[in-house]
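Proteins come first, then strands; the chains are lettered A, B, ... in the order of their sequence lines, and each starts at number 1.
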Amino acid sequence: MSEKVLEIRWHGRGGQGAKTAALMLAETVAQMGKYVQGFPEYGPERMGAPILAFNRISDEPIHIHSNVINPDIVIVLDATLLGEKVTAGVPEDGIYIVNTTKTPQEVRKKLNIKGGKIFTVDANQISLDTIGRVIPNTPLMGAFVKATGLMPYDEFIKNVKGELEKKFKTKPEVIAGNIKAIERAYQEVKGE
Amino acid sequence: MKNKVALTGNEAVAQAMRQINPDVVAAYPITPSTEVVQMFSSFVANGKVDTEFVTVESEHSAMSATMGASAAGARAMTCTSSQGLAYMFEVVYIAASMRLPIVFPVANRALSGPINIHCDHSDAMGIKQAGVIQLFSENAQEAYDNMIQAIRIAEHPDVQLPVSVNYDGFITSHALDVLEILDDETVKNFIGVYKPREALLNVNEPVSMGSFDMYDYYFEHKYQQVAAMEAAKRVIEEVGKEYAKISGRNYGLVDAYKLDDADMAVVVMNSAAGSSKGVCDELRAKGLKVGVLKPRAFRPFPHEAIADALKGVKAVAVLDRAETFSTLGGPMFADVRNSLYDLKNDIKVVNYVYGLGGRDLRLEDVEQIYSDLDDIIKTGKVDNFVRYLGLRE
């Protein structure tokens, strides 16, 4: 794709919040004045089935509406999905952000790739500690900000807080937990 | 005042409906347009609109109730997709013949069977001869803008026809996109207060509607619908110009993209037009003379504008997201080829049926189309003019 458009592909399983994360990331980035798209690939919608979601981010209006085939960044919500589908179409300098207890070196071996940058974070444990259940999507947004350096952290947190406040008006405790999850993932993510 | 927001296509359409604040909405939910009706019902529940919201038991009743409300003199709307539109089918014809200015969004989805919930245009193409104006939208912005303009087009005294606003199911309806929405007051002033020429509830000027019509006048009444469609072409352009003044965005019957000096053109509607423009930009950067023509109105069919936009090209590919089973290509292909016939300048026209049941249109697919057109120009030969893009054999 055009160099001006940054493309992201999310790999998750139904129920892990890949679609929600893609949409929330898009909403948050849009707050910062950029043009964005956020959309899932709708398949049979059932818990546990592998699903994809996509983002495009650009300073210019985005024309393209096809699925993302050559992502600059791949975010994996479930380490059991690590395999050929995760690396498919990713350029040599692609970035992988993976929810796992394993190290980036171990993930690299599993993915069988030489190039690219690999980041890992235990988003399951983080979400369990901060939100009270395993919902790895928001912590991975924290890892995303750290891994890509695309936007200032403080501004990102401010905007994501605004989005969460819109979504969880009646449940302020959810907002605090999610923010803490993003903060922790931002600090704990490891890369190589 | 302009307001840049991130919304899905369905959210954008629901916001437009909130700003239009119709008197009556009667609807029955169906994927992928369900969210529009769901969000609108929450606007009703929260007092954000003054609308009488009628929950009906089917789409046949949805359009019937909308029609009844419109005939009574109300600004009335509904919303649907796919099987829902198919189930409305007979009532859509009646709404058109009764000249009721009903505006209804359609999030385009394949028709069963096999059962499928994803995008193609078979639902819209099913009503292309019902007498309804059909506008198509590339993205959430255009879906929103078309909704607002549709009110003015439908209610124009020279038109008085239903208008459906089409946008791609899931691809546009469920994708978050950045767009500008107008403020409520601007929309309110643009659409104005609805003053029906005739209304069943106007007891001072009683009228009959929907009467039996024999061979003595049926034909003339049908011709009046044709005349209204002809007038709609002018009105769509006029309303588009006026809308540009409040929005800064230009709308006409067609969107001609980089066609001025083009040798090759792709003709395509809705979201695929955006992807085609993206490919067009990349090929232009390599020096290829390529362009994209996006009909915004499909009914009425802007054949004059299309012939004018394509008169200088050597080869055209028409992309249809619907099948006709005529074995002579898709619905838009027939109309485009017909529009170019009298130019008599030997433009080669080929058809690509694509994306049925939500099959993703990949950028490589569009590149392939331009490459095929290039071959056609070089050899002067067209072997097979109806092609199926990305079909596995």
Side-chain angles (χ1 to χ4, degrees), chain A residues 1-10 18-46 51-71 88-89 159-160 162-163 166-167 169-170, chain B residues 4-11 31-32 109 115-119 137-142 167-180 249 255 257-258 268 270-282 285 292 294 354-355 358-367 390:
Chain A
M1 235 348 278
S2 161
E3 283 175 25
K4 286 184 286 184
V5 182
L6 182 85
E7 297 187 308
I8 304 169
R9 184 171 69 205
W10 299 73
K19 177 203 161 186
T20 307
L23 261 57
M24 200 189 292
L25 181 71
E27 282 167 342
T28 305
V29 174
Q31 294 284 326
M32 302 163 88
K34 289 188 185 290
Y35 288 90
V36 290
Q37 289 178 347
F39 57 103
E41 181 182 69
Y42 282 91
E45 292 167 52
R46 54 176 193 261
I51 72 140
L52 298 177
F54 310 103
N55 286 116
R56 287 193 177 90
I57 301 175
S58 171
D59 292 324
E60 308 287 326
I62 306 165
H63 289 315
I64 307 296
H65 292 285
S66 55
N67 288 349
V68 169
I69 307 295
N70 303 112
N159 286 312
V160 90
E163 290 303 324
K166 270 192 250 168
K167 281 192 174 56
K169 247 183 233 164
T170 52
Chain B
K4 205 164 128 188
V5 290
L7 298 175
T8 66
N10 279 343
E11 285 170 344
T31 301
R109 162 183 155 184
I115 188 167
N116 179 295
I117 59 166
H118 291 281
C119 175
S137 324
E138 184 179 316
N139 48 35
Q141 180 76 70
E142 293 193 5
Y167 57 107
D168 281 344
F170 290 107
I171 302 165
T172 305
S173 70
H174 283 61
L176 196 91
D177 205 350
V178 174
L179 67 151
E180 281 178 8
R249 292 181 292 279
D255 171 16
Y257 189 77
K258 304 193 175 176
V268 59
N270 270 13
S271 68
S275 301
S276 302
K277 286 175 182 174
V279 173
C280 173
D281 286 347
E282 295 203 344
V292 177
K294 179 184 71 179
Y354 77 101
R359 176 73 55 88
D360 191 32
L361 177 74
R362 298 176 62 156
L363 303 181
E364 301 89 88
D365 296 332
V366 183
E367 280 168 24

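- Scanning both residues, A:His65 and B:Ser271, for their nearest heavy atoms gives CD2-O, 3.2 Å.
- Using a 4.5 Å cut-off between heavy atoms, A:Pro40 touches chain B through its side chain atoms alone.
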Atom pairs and distances, side-chain donor-acceptor, residues 31-38 of chain A, under 3.5 Å, sequence neighbours left out:
unit_1	atom_1	unit_2	atom_2	d
A:Gln31	NE2	A:Glu163	OE2	3.0
A:Lys34	NZ	A:Asp59	OD1	3.0
A:Gln37	OE1	A:Arg56	NH1	2.9
A:Gln37	NE2	A:Ile64	O	2.8

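- The contact between B:Asp177 and chain A is made by backbone and side chain atoms together, counting heavy-atom distances below 4.5 Å.
- Of the two parts of A:Ile69, only the side chain, counted from C-beta on, holds a non-hydrogen atom closer than 4.5 Å to a non-hydrogen atom of chain B.
- Residues satisfying the side-chain hydrogen bond (donor to acceptor under 3.5 Å, both in side chains) criterion with B:Asn10, sequence neighbours excluded, are B:Glu35, B:Tyr167.
- Note: A:Phe54 CZ to B:Leu176 CG = 15.0 Å, rounded to the nearest 0.5 Å.
- Residue B:Gln141 does not touch chain A at all, counting heavy-atom pairs closer than 4.5 Å.
- Among all heavy-atom pairs drawn from A:Ser66 and B:Asp360, the shortest one is CA-OD1, 3.4 Å.
- If you measure heavy-atom distances from B:Asp281 to chain A, the contacts under 4.5 Å come from the side chain alone.
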